[in-house]
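Everything below concerns the one structure shown next.
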Amino acid sequence: MNLKDIYVLRLHHRLERDKRVTTHVALVARAFGAKGIFIHGEDMNLLKTIEKVKANWGGKYFSIEFVKNPKKVVREWRSSGGIVVHLTMYGIPIDNIIEKIIEKNTKILVIVGSEKVEGWYYYNSDYNIAIGNQPHSEVAALAIFLDRIYKGGELNIQFSDAKLSIIPQERGKKVRKNE
Ligand SMILES: C[S@@+](CC[C@H](N)C(=O)[O-])C[C@H]1O[C@@H](n2cnc3c(N)ncnc32)[C@H](O)[C@@H]1O
């Protein structure tokens, strides 16, 4: 599967409160076909966790960048020709817009929030997209967005640099060590 130029911007990572959720956002981003993540904040434990996953399971290209100014990331993304998608329960249903986004065939920055998201992001994103209009989770929203973009193909991602690969089993666990 060819990966698209998709990056995630995780807003407002609070060290203690969000450490697990932001880690899960990054894990989903890598596993389901994003090329990297910008995290508003800094968290060296998160970095260590994701680097360890990359070292064992592959995807060394997957980038993690901690940023102090997420608005600058959005501005620069748009001025370099990419589109910005903000995932929010207040947005337009994904089914109404996904084909248009796929057709644009350009790089995508996907914004997910943590606590209340500032109005600025609603007005400076190209699309405010709802994954259903109920409140749920940034992890679920990102997973479903990537799944719609790749139409399910992301579930078959193979990382050519993986040291470990799973051999699927009906029961039990089988892991192969790659040369
Ligand atoms: C726990 S929610 C908090 C939302 C916050 N109350 C707000 O006003 O934006 C954290 C993030 O999950 C994502 N999210 C939650 N429900 C969503 C939905 N139905 N559709 C799209 N994204 C959603 C959004 O990115 C949101 O910023």
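Because the structure is predicted, anything quoted here is derived from the model rather than measured. Remember, it's 1-based here, ligands and their atoms both numbered in the order they're listed.
Applying the ring pair (Phe, Tyr, Trp, His ring centres under 6.0 Å) definition to pairs two or more places apart or across chains, those involving residues 74-116 are Y7-W77, H86-Y122.
Both tests do not hold together for R10 against F66: distance to the six-membered ring centre under 6.0 Å, angle to the ring axis within 45°.
The shortest distance between side-chain heavy atoms of V8 and V28 does not fall below 4.5 Å. Contact check for E154 versus L3: no side-chain heavy atoms found under the 4.5 Å cut-off.
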*Given the rule in the side chain to side chain donor-acceptor pair (under 3.5 Å) test, do D43 and T22 qualify, once you have shown the distances and angles that lead to the verdict?*
CA-CA 10 Å; D43 187 337; T22 306; over 6 Å; no
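Between the side chains of K177 and S165, not a single donor N or O lies within less than 3.5 Å of an accepting N or O.
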Hey, what polar pairs (N/O, under 3.5 Å) does ligand 1 make with protein?
unit_1: ligand 1; atom_1: 12 (O); unit_2: E138; atom_2: N; d: 3.1
unit_1: ligand 1; atom_1: 16 (N); unit_2: H136; atom_2: N; d: 3.1
unit_1: ligand 1; atom_1: 19 (N); unit_2: I131; atom_2: O; d: 3.3
unit_1: ligand 1; atom_1: 19 (N); unit_2: G132; atom_2: O; d: 2.9
unit_1: ligand 1; atom_1: 19 (N); unit_2: Q134; atom_2: O; d: 2.6
unit_1: ligand 1; atom_1: 19 (N); unit_2: H136; atom_2: NE2; d: 3.1
unit_1: ligand 1; atom_1: 20 (N); unit_2: I131; atom_2: N; d: 2.9
unit_1: ligand 1; atom_1: 22 (N); unit_2: T88; atom_2: N; d: 3.4
unit_1: ligand 1; atom_1: 25 (O); unit_2: L87; atom_2: O; d: 2.6
unit_1: ligand 1; atom_1: 25 (O); unit_2: G113; atom_2: N; d: 3.2
unit_1: ligand 1; atom_1: 27 (O); unit_2: G113; atom_2: N; d: 3.1

